[in-house]
Structures are given as C-alpha cells and as structure tokens.
Protein chains: 2
Amino acid sequence: MGKQMTEMLKGTLEGIVLAILAARSAYGYEITARLRDEGFSDIAEGTVYALLVRIEQKGFVDVEKVPSEKGPPRKVYTLNAQGREFLEEFWTTWSFLADRIGQLREDGGK
Amino acid sequence: MGKQMTEMLKGTLEGIVLAILAARSAYGYEITARLRDEGFSDIAEGTVYALLVRIEQKGFVDVEKVPSEKGPPRKVYTLNAQGREFLEEFWTTWSFLADRIGQLREDGGK
DNA sequence: ACCAGTACATAGTAACGCTAAATAGTGGTC
DNA sequence: GACCACTATTTAGCGTTACTATGTACTGGT
C-alpha cells in the first residue's frame with residue numbers, strides 16, 4: 001500500500017486492532033484476514049502477531065487458547081477493562097488529530 | 001501530549017507540515033510555534049528541524065536563506081511541484097485511513 | 001557581562017511496521 | 001505416502017520516525 005500508509009499506521013494500527021476486538025473477540029489470523037478484507041491490503045501477518053504480543057504484554061487483552069478444526073490452536077484475544085480504557089484514550093487522541101488535520105485541509109493546505 | 005500522540009504523528013507530521021507550507025512559505029521556528037499554537041503543545045523543536053531536513057532532501061521544498069532582525073538567518077521553505085504531488089498522495093492515504101477508522105468507530109468499536 | 005528570545009542543527013534512543021523465514025496442524029490429490 | 005494448499009503462530013533483523021538533550025549563534029534589554 002505504499003510507504004506513506006506504513007508510516008501512518010504507526011500508532012493507529014494498535015487502535016484499529018483494539019477497536020476490532022471491542023466489537024468481538026478474535027484471533028490473529030482472523031484479524032489479519034479482516035484487515036485485508038477491509039482494504040488494508042498488505043498488512044503483514046508478522047505485524048499483527050507482533051502487535052498482539054505487545055497489547056497482551058501491556059495487559060489490554062485476555063488470551064485463551066482454543067483448538068481449531070483447520071490447523072494449530074488459535075489464540076483468541078478479548079479486550080479487557082484496561083484495554084477498553086486505552087481505547088478510549090485512543091479515540092480522544094485520534095479525534096484531536098483528525099480534527100486538526102481536517103482543519104488544515106480546509107484552510108487551503110490542499 | 002503522551003506517547004499515543006507521538007506514535008500517531010509518525011507518518012502524519014510530515015503531511016501536516018507540508019499542508020502548512022502549501023498555504024504559505026514558512027521557516028522552522030515559525031512552523032514549530034504555529035504547531036504549538038494549534039494544540040500540538042509539545043512538538044519538539046528538533047523534530048521539526050529534522051523533518052525539514054528530510055523533506056528538503058526528498059526534494060519537496062525549495063529553500064531560501066533570509067536574514068532576520070531578531071536572530072540568526074531564517075531558512076524559508078517553499079513547497080514545490082514535487083512536494084505538492086506528494087501532499088496529494090498524503091491526502092489520499094489520509095482519507096482512506098480516516099474513513100476506515102471512522103467506520104470502525106461506528107461499527108461498535110467504541 | 002548576562003540573560004531571554006529568536007533560530008537552526010544533530011547525535012543517540014525508543015517505538016513500531018515490514019521482511020523473511022521457520023514451525024505446526026489439517027485435508028485433499030496424484 | 002509424498003506433496004501441496006490452507007490455516008495459524010512466532011521471531012530475528014531492518015528502516016523510518018519522533019523525542020531527548022545539547023550545542024551553536026545572533027539580537028536586544030538590564
């Protein structure tokens with residue numbers, strides 16, 4: 001998708017994944033597939049798994065190992081209270097940034 | 001402003017500065033001050049200068065040294081054709097991302 | 001002489017997404 | 001029964017970017 005998107009995802013991808021998990025629990029492979037379906041055509045698998053490790057270490061999610069009929073066991077991630085709190089902050093930060101940038105665009109930064 | 005904003009600025013700050021320059025030419029100290037006024041309260045000076053070096057090396061801006069009455073000479077940056085083209089791409093990428101994330105927020109990723 | 005404000009520069013660090021490759025389980029096909 | 005495709009996770013190494021911290025330099029006021 002280009003270098004520009006890569007850099008833009010830094011700091012937002014974490015929020016995106018948490019928002020996905022806020023809707024319902026999911027596992028890595030599923031999240032990657034969903035992101036791809038939604039237009040993030042070349043999110044690397046490794047990227048998602050590394051991110052999941054991070055949010056687990058930060059304590060934003062609870063993890064459960066669930067057997068799969070189609071392959072190795074899945075690690076299902078569920079957003080917990082701490083994660084929900086962090087997601088709140090994410091939305092606040094995102095809104096601020098999106099507002100500022102939207103403003104800039106109107107102001108002739110076109 | 002917090003670590004979250006720091007990470008989010010990666011990939012967007014460049015576009016923000018280019019958008020500022022699209023409105024009119026400016027120099028580093030001025031850009032930093034303007035960003036601070038507009039709510040990016042703790043953008044580090046060094047960050048802006050380093051970014052300006054980068055966009056100059058990429059050929060997005062033309063530079064002119066202008067004497068100042070109040071201090072050392074200013075380096076005034078002006079967006080050129082290449083920079084304008086890059087800014088276009090930035091808006092495209094940004095729009096896509098902002099749309100996706102807005103969608104996620106509506107879909108119960110709250 | 002000193003200090004605040006203006007103005008620019010840069011070495012080192014941390015965080016994060018990507019590349020690439022490895023491991024492992026299931027099912028189908030020849 | 002060997003191979004391949006799909007599912008599923010992991011991890012080492014890399015490049016880019018913003019921040020920290022510090023240094024340089026010019027002007028004006030006290």
Discussion item. I need the full list of salt bridge (charged side-chain N to carboxylate O under 4.0 Å, His left out) pairs touching residues 8-21 of chain B, with sequence neighbours left out, sorted by first then second residue.
Written reply: E7(B)-K10(B), E14(B)-K58(B)
Worksheet item: Pairs in or reaching into residues 19-32 of chain A: which pass salt bridge (charged side-chain N to carboxylate O under 4.0 Å, His left out), with residues at least two apart or in two chains?
Response: R24(A)-E30(A), E30(A)-R34(A)
Practice prompt. Go through the structure and list residues passing side-chain hydrogen bond (donor to acceptor under 3.5 Å, both in side chains) with D99(A), not counting sequence neighbours.
Written response: none
Item to complete: Would you please name every residue forming a side-chain hydrogen bond (donor to acceptor under 3.5 Å, both in side chains) with S95(A), sequence neighbours left out?
Response: R105(B)
Pairs: protein N or O with nucleotides 3-5 of chain C N or O, under 3.5 Å:
none

Worksheet item: What string of B, S and - do you get for nucleotides 14-22 of chain C 5' to 3' if you count protein non-hydrogen atoms under 4.0 Å?
Response: -BBSBBB--
Spatial distance of atom [atom1] ([X]) from atom [atom2] ([Y]) [nearest 0.5 Å]:
X	Y	atom1	atom2	result
L9(A)	T93(B)	CG	OG1	10.0 Å
L21(B)	D62(B)	CG	CG	11.0 Å
L87(A)	I20(A)	CG	CD1	11.0 Å
L18(A)	E89(A)	CG	CD	11.0 Å
I43(B)	L13(B)	CD1	CG	5.0 Å
I101(B)	E38(A)	CD1	CD	11.0 Å

Practice prompt. Could you note down all residue pairs passing ring-ring contact (aromatic ring centres under 6.0 Å, His included) where residues 49-83 of chain B supplies at least one of them, sequence neighbours left out?
Written response: F60(B)-F86(B)
Discussion item. Test: side-chain hydrogen bond (donor to acceptor under 3.5 Å, both in side chains). Region: residues 67-76 of chain A. Which pairs qualify, not counting sequence neighbours?
Written reply: Y27(A)-R74(A)
Response to the item:
Rounding to the nearest 10°, end axes of the helix from dA1(C)-dT30(D) to dC30(C)-dG1(D) built from five pairs each make an angle of 20°
Practice prompt. Whole angstrom is fine here: how far is it from OH in Y27(A) over to C1' in dG25(C)?
Written response: 14 Å
Worksheet entry | Under 3.5 Å: donor-acceptor pair, side chain of D107(A), backbone of A23(B) | no
Worksheet item: Can you give the first and last nucleotides of DNA chain D, 5' to 3', that have an atom under 4.0 Å from a heavy atom of chain B?
Response: dT17(D) to dT27(D)
Worksheet item: Who passes side-chain contact (heavy atoms from CB on, under 4.5 Å) against R36(A), sequence neighbours left out?
Response: T32(A), E45(A)
Response to the item:
Note: G28(A) and L52(A) closest approach over all heavy atoms is CA-CD1, 3.5 Å
Worksheet item: Going by heavy atoms closer than 4.0 Å, what residues in residues 60-69 of chain B are next to DNA chain D?
Response: E69(B)
